[in-house]
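Inspection log for the structure reproduced underneath, given as structure tokens.
Counting starts at 1 for both ligands and their atoms, in listed order.
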Amino acid sequence: MEITASAPGKVILFGEHAVVLGKPAIAVAVDRRVRVTIRKGKEQGIFDVEIPSLDVQGSIYPEEGTIEKYGHGEAGILYYIKGALQKTGIKGGLELEVSLDIPVGAGLGSSAAITVATLAAAARYNKQDLTREQIAETSHQVELEVQGAASPMDTAISTYGGVIYLSKGEVTHLQTARNLPLVVGYTPQPGNTGELVAGVAKRRNTYPNIINPILDSIENLTNEAREAIIKVEEKRLGELMNINQGLLDALGVNTWELSRLVYTARQAGALGSKLTGAGGGGSMIAYCPGRTREVLKELENLENAFPVGISSKGVTLELDKEGN
Ligand code: PMV
């Protein structure tokens, strides 16, 4: 038997950082996915993991709860895989192959997508039927255990797909009549989410009368953006992204490299552009109806860039050889 599950990566359109402090955020599942295949392995009691694109091979020993890594890539992702496998109670003696078409460490939700896809594939292999709610909830638990802190946004969007509005842990699906033509630009230096979140908290403690109104403004613009997405008001959506970028800059999470990409995108015709995720490096997004090619070309001159659209498909069982 061989089972493959896939799950999409994500970008945060509005409200990052403010969401940690109780404000809403909007995230979009993108049409770039990770795939996890599970099949019978060679060694009993062990999970052998192969992630060729990251040059990571590893063995997970479920009884001891240990991980051994080979290859030059970082071991980090193996902890999410181990966590997801443990949640299903599946027995070792299996091989897992992971492929990604999203970059890792760029704030595009690769670890959540891998967790969600591993959980879905392992559960099916183990003949367990999990609802989407259970997959989202359990994957979030895994992220919490591995990272210490995590909002439920990444695992929710990777599980459900589409566009979600997250407010105080509650997920609402937003319907939009049209695709969102986005271009992602990513800087080689990943931002450290924990440090950046702590930096915003510190700034808020030092300047509460200045930072609290900024967080309120982000809340207001996220709520306006929710309407603009549903009604497909392109100009308004772009403007709100630009305002959000200015406010993120004021929170101290912007960088010169991100700014350069943000302004280059606007000059090339994007209606809006902003950093996405934690900042301090990582990625930015540009909203470019009718201008995707031009924006992509200009961003590619500076850094890595690629176009994305919305993926309405959340976690999916793709291949199920003899597994039904
Ligand atoms: O870097 P990402 O995509 O994991 O985004 C972090 C988003 C924050 O709002 C800064 C943190 C969070 O947990 O929501």
Any donor and acceptor pair, going by atom type alone, linking the side chain of Asp31 with main-chain N or O of Ser311 inside 3.5 Å? no

Atom 7 (C) of ligand 1: nearest protein contact (heavy atom, Å): Ile12 CD1, 3.8 Å

Any nitrogen or oxygen of Gly107, main chain or side chain, under 3.5 Å from a nitrogen or oxygen of ligand 1? yes

Test your reading of the model: is there a side-chain donor-acceptor pair from Thr131 to the backbone of Gln134, 3.5 Å cut-off? yes

Atom 3 (O) of ligand 1 [closest protein heavy-atom partner, distance rounded to 0.1 Å]: Lys10 NZ, 2.7 Å

Is there a donor-acceptor pair closer than 3.5 Å between any side-chain N or O of Arg33 and the backbone N or O of Gly314? yes

Atom 6 (C) of ligand 1 [closest protein heavy-atom partner, distance rounded to 0.1 Å]: Ala278 N, 3.7 Å

Would you mind running through ligand 1 and noting each atom that sits below 4.0 Å from a heavy atom of Thr193? 1 (O), 6 (C)

Please list, in number order, the atoms of ligand 1 under 4.0 Å from a heavy atom of Val19. 9 (O), 14 (O)

Would you check whether Glu16 has a nitrogen or oxygen atom less than 3.5 angstrom from a nitrogen or oxygen atom of ligand 1? no

Any nitrogen or oxygen of Val20, side chain or backbone, less than 3.5 Å from one on ligand 1? no

Electrostatic pair Glu97:Arg39 at N-O distance under 4.0 angstrom: yes

Shortest protein contact, atom 4 (O) of ligand 1 (heavy atom only): Asp154 OD2, 3.9 Å

Identify, for atom 9 (O) of ligand 1, the protein heavy atom at the shortest distance, and state residue, atom and that distance. His17 N, 2.9 Å

Sub-3.5 Å donor-acceptor pair from the side chain of Thr276 to the main-chain atoms of Ile12, do we have one? yes

Candidate pair Leu261 and Leu275, rule side-chain contact (heavy atoms from CB on, under 4.5 Å), full reasoning: CA-CA 9 Å; Leu261 294 174; Leu275 68 86; over 6 Å; no

Under a plain distance cut-off of 3.5 Å, with no hydrogens placed, do Arg266 and Ser273 share a side-chain donor-acceptor pair? yes

